[in-house]
Amino acid sequence: MVVIELKDISKSYDEIVALSRFNMRVKTGSITGFVGPNGAGKSTTLRIITGLARTDEGTARLFGIDPYDNPRVKARFGFVSEHDDLYTWASVEESVKLLSRLSRPLKRGITSDVDMAISSVGMSKFKERLVSQLSKGMRQRVKIAAALVHNPELLILDEPMGGLDPLGRRTIMNLLKQLNREEGVTVLVSSHVLEELENYVDRVTLIHRGQTLAEGNPDKIRSFIYTYPHEIIYRARKPAMAKINSQVVKHEDLLRSLSLHIIDDDILECRIVTQNPERFYDELVRISVEENSPILSVDTQSESVEKLFEFLVS
Amino acid sequence: MTEFEKVPKLKQSSTHLVKHVIARGLVLVYIFVMGFLKDRKSQVLILLGILPSIVLVFSGTTFPGFYVAALFFTNTIQTLYIALLLPLFGLLLGTAALTEEIESHTIIQLVTRPIRRIEIILWRFIATVFASLIVAMVSISIFFVVVGLGVPGDASPHEYWGIHLIIGGWVLSLICSSVYCAIFSLLGVALEKPLFWGVVITLYEQLLGVLFSVFGGGLFSLSGHIFFVGENLLPYTYNIPDWPVEGSIMLLFTLSLLSIVISIITFQEKDLS
């Protein structure tokens, strides 16, 4: 079963093409990661799915219904936007309660739902506190509570980890995983960092310049991404470096380039470019041990996600 | 062909639908009004509204008898509140009505819930008029008491409470708030710099409206038409030559309705982020 289906959607803002014949399907019960660099079209896609914007061309269907013209379908999903979109004058409890009332105005016993939603994001201790007095991470949790309070079948999150520390990111992803596993909530979560999502999601859609770059499970996407040439830098003393590199150069299949630099009288630095960094690391460690030649440091030149996507497109 | 999850269609009676719309509307009005009351702008507006009363108290002005007080009250309502303060309230509240929601991104929380965009505009308009009216009613009521009305005096029992004056003032405030909030809300939805254009319209009202009124006797002035309608509510004299009061009522009503309809159409097609 499919909960979200986008068919050949295009969207432009004046001269800028945000989406160009973009396609996407999200299946019931899945956790889908939606990954792309800034400006790739992720937020525009999510805006179309949630009925905040119309498509110029193509069709967007949520549970088989056009979300823009049928707001009733919005009772079936919860949305966490990338912005601070809570009413800052209200307390945590009041915020969640008011937003819940907008989704289900005549529902009785809303207080227990509100308490449960606040508790599920670990904010029970702070429910009397004003939203304006919360940290970024806490506000993010309240936004998730507000998106969950009406028990939606689908949860859509736009860059929910933005501005959070590693612990906060892990907490949110664990929460999403738990909701998916225990409540059967379908999750669509966007990010510009694949590593943030890959351990938690079933599927990943890569988007770049408004078009689908790749789709599949995280392993498939990871192997696709590792075709990108990574630069690895390691340092060793001169005699050790000579022994190590005499073995390294034998792995022609792993190397795209190799250059040696003098750091000082005793230490050399080697920069290699590989498309298979994981295997190269394994080989490097093995050679170092076998040759009894210690490596002083290993580093990787991290490229921007934009450069990575540029490479993948090319 | 895509297979979507089949969901049983909800049968909703029209009564149920109306209940939903009203319940949701009340929540929206509550959110908008509470947001306004907890904002610094509301404190500035309330201060502006009660400023005439403060000036009167500190100047120690007193009015000998009911008729003099009633005349002063009526003149102030007409020349200060209806001509200046209420358009200003409308300008500040109306232009900010949706702009603030969009700029603070809270509009996302509304539009991604099962609410029609038309509901957001209509309830926002009602809330804006309500907020403007609260400020006007509180200000006018304080002014009413400060002037010395609302207490037994030397006039006939029918008049010395002056209840008809304060009710007339409130009703006129409601008309004035509705018209200005509708027009300025439209600017807030349709334009990039609503406050700038709002000030332009207000200046037109204050400068060109007066100029035109020399030729048209208030026919080209929005506040002229409000004054004319208000003549039936408060004991003052204002006339637009060769123009029936029904014409002014129709004009104000049509202008407000048209503004709201255009706001709805504009907002319906507006991309939000």
Side-chain angles (χ1 to χ4, degrees), chain A residues 1-5 7 11 13 25 28 43-44 47-54 61-65 67-90 94-95 97-107 130 143 146-147 150 153 156 158, chain B residues 1-13 15-42 100-120 123 267-273:
Chain A
M1 303 287 185
V2 176
V3 285
I4 298 171
E5 183 170 55
K7 263 189 191 167
K11 180 77 183 172
Y13 296 101
R25 281 159 65 99
T28 310
S43 293
T44 302
R47 278 204 284 275
I48 286 169
I49 293 171
T50 53
L52 285 164
R54 252 192 219 287
R61 293 285 179 269
L62 201 61
F63 301 100
I65 299 166
Y68 195 96
D69 291 322
N70 300 282
R72 275 174 65 185
V73 77
K74 296 175 184 176
R76 299 179 65 185
F77 73 79
F79 179 54
V80 178
S81 84
E82 61 181 324
H83 301 290
D84 267 343
D85 56 2
L86 294 168
Y87 291 98
T88 49
W89 50 264
E94 194 176 15
S95 274
K97 192 178 274 183
L98 287 171
L99 294 170
S100 169
R101 275 270 167 248
L102 290 177
S103 293
R104 297 177 303 177
L106 300 177
K107 171 92 167 40
L130 287 178
K143 281 162 62 183
H150 55 288
E153 298 156 64
I156 303 166
D158 190 5
Chain B
M1 182 135 170
T2 308
E3 195 179 347
F4 284 101
E5 205 170 350
K6 283 179 186 165
V7 174
K9 278 192 175 179
L10 289 172
K11 282 185 184 174
Q12 274 196 333
S13 67
T15 322
H16 190 74
L17 193 68
V18 170
K19 274 186 189 171
H20 256 89
V21 169
I22 291 174
R24 219 163 26 220
L26 293 177
V27 178
L28 283 173
V29 170
Y30 176 81
I31 289 175
F32 297 148
V33 172
M34 285 307 287
F36 165 72
L37 291 177
K38 293 190 178 182
D39 187 41
R40 192 146 292 173
K41 194 194 311 162
S42 62
E100 271 184 10
E101 294 275 346
I102 292 170
E103 282 174 1
S104 65
H105 303 293
T106 48
I107 194 76
I108 295 171
Q109 286 287 2
L110 306 183
V111 178
T112 55
R113 304 215 171 239
I115 310 168
R116 289 171 192 81
R117 290 187 179 210
I118 182 173
E119 288 179 61
I120 295 173
W123 289 111
F267 187 58
Q268 194 67 34
E269 295 304 316
K270 202 178 180 85
D271 279 350
L272 300 164
S273 57

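As the structure is a prediction and not an experimental result, all values here were calculated from the model. Atom set for the values below is all heavy atoms of this structure, side chains included, hydrogens, waters and symmetry mates excluded. Within every chain, numbering begins at 1; the chains are lettered A, B, ... in the order of the sequence lines, protein sequences first and strands thereafter.
- Separation of atoms OG1 (Thr112(B)) and CD1 (Ile49(A)) is listed at 13.0 Å; rounding is to 0.5 Å.
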Between Gln109(B) and Leu86(A), is the side-chain contact (heavy atoms from CB on, under 4.5 Å) condition met? List the steps. CA-CA 7 Å; Gln109(B) 286 287 2; Leu86(A) 294 168; 3.8 Å; yes

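- No other option in Tyr68(A), Phe77(A), Phe79(A) has as many heavy-atom pairs under 4.5 Å with chain B as Tyr68(A).
- Scanning both residues, Trp89(A) and Ile31(B), for their nearest heavy atoms gives CZ2-O, 3.4 Å.
- With chain B as partner, the option from Leu99(A), Leu106(A), Thr88(A), Asp84(A) having the largest number of non-hydrogen pairs under 4.5 angstrom is Leu99(A).
- Considering all non-hydrogen atoms of both residues, Gly51(A) and Arg117(B) come closest at O-NH2, 3.2 Å.
- Glu101(B) and Tyr87(A) form a side-chain donor-acceptor contact under 3.5 Å, judged by distance and modelled atom types alone.
- Taken to the nearest 0.5 Å, the CG atom of Leu110(B) stands 6.5 Å off from the CG atom of Leu102(A).
- The contact between Ser104(B) and chain A is made entirely by backbone atoms, counting heavy-atom distances below 4.5 Å.
- At a 4.5 Å heavy-atom cutoff, the contact between Lys38(B) and chain A is made by side-chain atoms alone.
- For Leu272(B) against Arg47(A), the heavy-atom pair with the smallest separation is O-CD, 2.7 Å.
- A distance of 10.0 Å separates CG in Leu28(B) from CG in Leu98(A), rounded to the nearest 0.5 Å.
- Proximity to chain B is absent for every atom of Asn70(A), based on heavy atoms less than 4.5 angstrom apart.
- Looking at Ser103(A), both its backbone and its side chain come within 4.5 Å of chain B, counting heavy atoms on both sides.
- When all heavy atoms of Arg24(B) and Pro105(A) are compared, the closest pair comes out as N-CB, 3.9 Å.
- Put simply, the side chain of Asp85(A) never gets that close to the backbone of Ile107(B): no donor and acceptor are under 3.5 Å apart.
- At distances below 3.5 Å, at least one donor-acceptor pair connects side-chain atoms of Lys74(A) with backbone N or O atoms of Val111(B).
- For the pair Arg101(A)/Leu26(B), no side-chain contact is recorded, criterion being any heavy-atom separation below 4.5 Å from C-beta on.
- Between His83(A) and His105(B), the ring-plane angle classifies as parallel under the 30° and 60° cut-offs.
- Residue contact with chain B, scored on non-hydrogen atoms closer than 4.5 Å, is absent for Glu82(A).
- With a 4.5 Å cut-off on non-hydrogen atoms, Ala147(A) touches chain B through its backbone but not through its side chain.
- Around atom CD1 of Ile118(B), no more than 12 heavy atoms belonging to other residues, nucleotides or ligands sit under 6.0 Å away.
- More than 12 heavy atoms of other shown residues, nucleotides or ligands fall within 6.0 angstrom of atom NZ in Lys107(A).
- One distance of note links CZ of Arg113(B) with CZ of Arg104(A); it measures 10.0 Å at 0.5 Å rounding.
- Contact of Arg54(A) with chain B is made through backbone and side chain together, with heavy-atom distances under 4.5 Å.
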